[in-house]
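Each remark here refers to the structure printed beneath this line.
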Number of protein chains: 2
Amino acid sequence: MTAPPDPAQGPAEGATATRRAIPEASVARLAVYLRMLRELAEQGAETVSSEELAVATGVNPAKLRKDLSYIGSYGTRGVGYEIAPLRHQLEEALGQNHAQSVALVGVGNLGHALAGYGGFAGTGFPVTALFDIDPDLVGIRINGIVVEHVREIPRVCAERKVTIGIIATPGPAAQGVCDQLVSAGVRSILNFAPVVLQVPDEVEVRKVDLAVELQILAFHVARRHLEANASTEANTGAGVNGHTVNGTGGLLQ
Amino acid sequence: MTAPPDPAQGPAEGATATRRAIPEASVARLAVYLRMLRELAEQGAETVSSEELAVATGVNPAKLRKDLSYIGSYGTRGVGYEIAPLRHQLEEALGQNHAQSVALVGVGNLGHALAGYGGFAGTGFPVTALFDIDPDLVGIRINGIVVEHVREIPRVCAERKVTIGIIATPGPAAQGVCDQLVSAGVRSILNFAPVVLQVPDEVEVRKVDLAVELQILAFHVARRHLEANASTEANTGAGVNGHTVNGTGGLLQ
DNA sequence: AGCCGCTTGTGAAGACACGCACAAAGTTGC
DNA sequence: GCAACTTTGTGCGTGTCTTCACAAGCGGCT
Ligand SMILES: NC(=O)c1ccc[n+]([C@@H]2O[C@H](COP(=O)([O-])OP(=O)(O)OC[C@H]3O[C@@H](n4cnc5c(N)ncnc54)[C@H](O)[C@@H]3O)[C@@H](O)[C@H]2O)c1
Ligand SMILES: NC(=O)c1ccc[n+]([C@@H]2O[C@H](COP(=O)([O-])OP(=O)(O)OC[C@H]3O[C@@H](n4cnc5c(N)ncnc54)[C@H](O)[C@@H]3O)[C@@H](O)[C@H]2O)c1
């Protein structure tokens, strides 16, 4: 393959070979395939073709096969994939064979819903620790787990071998909570608060931003509107195609 | 991880096609910039440089400037951007000047949290309609909004000019609910159920898949483990580029 | 006025992701 | 055992996103 020119780039690169790095985008899809495989297994299916699995998960079959090829999967040509082994291989690749232990901080509206959700435990992500700062919440039980005070984060996280933290506190509290989780050894964080968390390099943060999701949808609503109007006008308006639309279509701005 | 990007764009006349398409990835970031601008405005700031805004939102300054350039923004060289006008321009570009009306279907654990969340209304996305199929829930009020029966979707969505639908029902019910929303004229849907929704081309679906988010984190946990072990044998792994923050929520799929 | 330092806006190159298309490899039927 | 058929695994062209790097523009200072 193209020998990467490997420009000096500021800092020397780790050179560490991520010898067979799985593209980030593929990892996300692999997780989806895995869930679907579990569903299929429950329904008693034994094999599945890339075509079937692709349709069920809404992706392109070729892309799916390429994704699977990253984990060195072995399907059978002419047949497809045996569900059980493939599932097992995916679980291994995704780090799902040793169940992860999840801690959730902030048992408010959203946190409550997450803590009470059975679906996570079912897929290997048991929430094993809950934290809040509100004295009215500390001590209550959700799904059998007692809510602890945030000051207990270090002790409890160590005891329960927490590897993943979920932050569902208000924005202003998020960074502080994050710092506590990090110093308790948690190196993977899922953040629901609308703030950018500052973390050391070895910690990974994923952010779920629902307001942004809505805004993206709103953008497309607006775009559709503009397009609809534009084409209506185009039909009735002066026949001359002056010049299509300037910039954002005149309507906008 | 983001929603099914879009219609694969078939043969349809792309007449209006990509007029001046803003890259999907940029739209997501623009939404983040907008929120940060609001925050800055509240704090009384008047101008901001790309550098500052970039740090605050966790992106690369050059990328930020390019993002802004898509909406034809005008900053002042040597100074930066005036917050008020930039904010206004962003709101316009993102379709946020006319408040969108949001309907939420499925007032269970998660739906309840979403319905009760004040943050959406504050950013221009008032939830104006709630639906559920459970007779015990129909009729109750959340944040002043009465929960209606799902069979009322067509009427209520039309009356309240709903443009965005949120699905927070169990997986098996999602497709049915989706169909009802679509036939009620809703063309933008945010889906929390772990299923792939089937929709006509003109409807956009974004999927928020929390289980997948956890799985992605678990993958990196596993990878770090492997690397740690590997480098123990090898030399001082030195640098090892950690990956970190993934900027925005490009949520899954 | 003219210079200087700062910051924007963008061209161009690289990195990444996607999906087609096809050879290889297996299965089934005769 | 062979031919026909099915489905995988992947090389490669294409398009999108990211990032660098720098000229151009602007304000302030002398
Ligand atoms: N609820 C939603 O639908 C929704 C939607 C989008 C984003 N969010 C974001 O998710 C986060 C949580 O939202 P919410 O509606 O559940 O808020 P909430 O106010 O209902 O709950 C926040 C919880 O965090 C606790 N908390 C506050 N400071 C804390 C600290 N320092 N340490 C530990 N716990 C602390 C509070 O006691 C409370 O229980 C917020 O950042 C919000 O912006 C929520
Ligand atoms: N709660 C979480 O933290 C969480 C996390 C990840 C994913 N999810 C997903 O979000 C969705 C909702 O989760 P939840 O925990 O709120 O579930 P839930 O069971 O608490 O709530 C589901 C609600 O949908 C209603 N409903 C069922 N069928 C319906 C129909 N046909 N029309 C309208 N309403 C209907 C039910 O009456 C109930 O109120 C599920 O698909 C779940 O997989 C939830």
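Note: hydrogens, waters and symmetry copies are ignored here, and every other heavy atom, side chains too, is used. Residue numbering restarts at 1 for every chain, and letters A, B, ... go by the order of the sequence lines.
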Legend entry - CD on A:Gln43 to CD1 on A:Ile83, rounded to 0.5 Å: 8.5 Å

Inset, instruction - Considering only NZ, NE, NH1 and NH2 on the basic side and carboxylate oxygens on the acidic side, decide whether B:Glu91 and B:Arg38 come within less than 4.0 Å. - result: yes

Inset, instruction - For A:Tyr33 and D:dT8, give me the distance from atom OH to atom P, rounded to whole Å. - result: 13 Å

Inset, instruction - Find the distance A:Asp67:CG to D:dT10:C1' and express it as a whole number of Å. - result: 13 Å

Inset, instruction - Find the distance A:Leu64:CG to D:dT8:P and express it as a whole number of Å. - result: 9 Å

Legend entry - Euclidean distance, atom CD of residue B:Glu24 to atom C1' of D:dG15 [Å, nearest integer]: 15 Å

Legend entry - Lys/Arg N to Asp/Glu carboxylate O, B:Glu24 vs B:Arg206, below 4.0 Å: yes

Legend entry - Polar contact flag, side-chain donor to acceptor under 3.5 angstrom, B:His88-B:Glu82: no

Inset, instruction - Go through the structure and list residues passing salt bridge (Lys or Arg N to Asp or Glu O under 4.0 Å) with B:Glu52, not counting sequence neighbours. - result: none

Close N/O contacts between protein and nucleotides 7-10 of chain C (under 3.5 Å):
| residue | atom | partner | partner atom | Å |
| --- | --- | --- | --- | --- |
| C:dT7 | O4' | B:Gly78 | N | 3.0 |
| C:dT8 | OP1 | B:Ser50 | N | 2.5 |
| C:dT8 | OP2 | B:Ser50 | OG | 2.5 |
| C:dT8 | O2 | B:Arg77 | NH1 | 3.0 |
| C:dG9 | OP1 | B:Ser73 | O | 3.3 |
| C:dG9 | OP1 | B:Gly75 | N | 2.7 |
| C:dG9 | OP2 | B:Tyr81 | OH | 2.6 |
| C:dG9 | O4' | B:Arg77 | NH2 | 3.0 |
| C:dG9 | N7 | B:Arg65 | NE | 2.7 |
| C:dG9 | O6 | B:Arg65 | NH2 | 2.9 |

Inset, instruction - Using atom CD1 of A:Ile71 as one end and atom P of D:dT8 as the other, report the distance to the nearest whole Å. - result: 14 Å

Legend entry - Atom-to-atom span, CG of A:Leu53 to P of D:dG9 - whole angstrom: 12 Å

Inset, instruction - Could you state the atom-to-atom distance from NZ of B:Lys63 to C1' of C:dA12 in whole Å? - result: 18 Å

Inset, instruction - For the residue pair B:Arg35 and B:Thr57, confirm or rule out a side-chain donor-acceptor distance under 3.5 Å. - result: no

Legend entry - Gap between atoms CD1 and P, on A:Ile22 and C:dC16 respectively (whole Å): 15 Å

Inset, instruction - Would you indicate, yes or no, if D:dC20 has its OP1 or OP2 atom less than 4.0 angstrom from a side-chain nitrogen or oxygen of B:Asn60? - result: yes

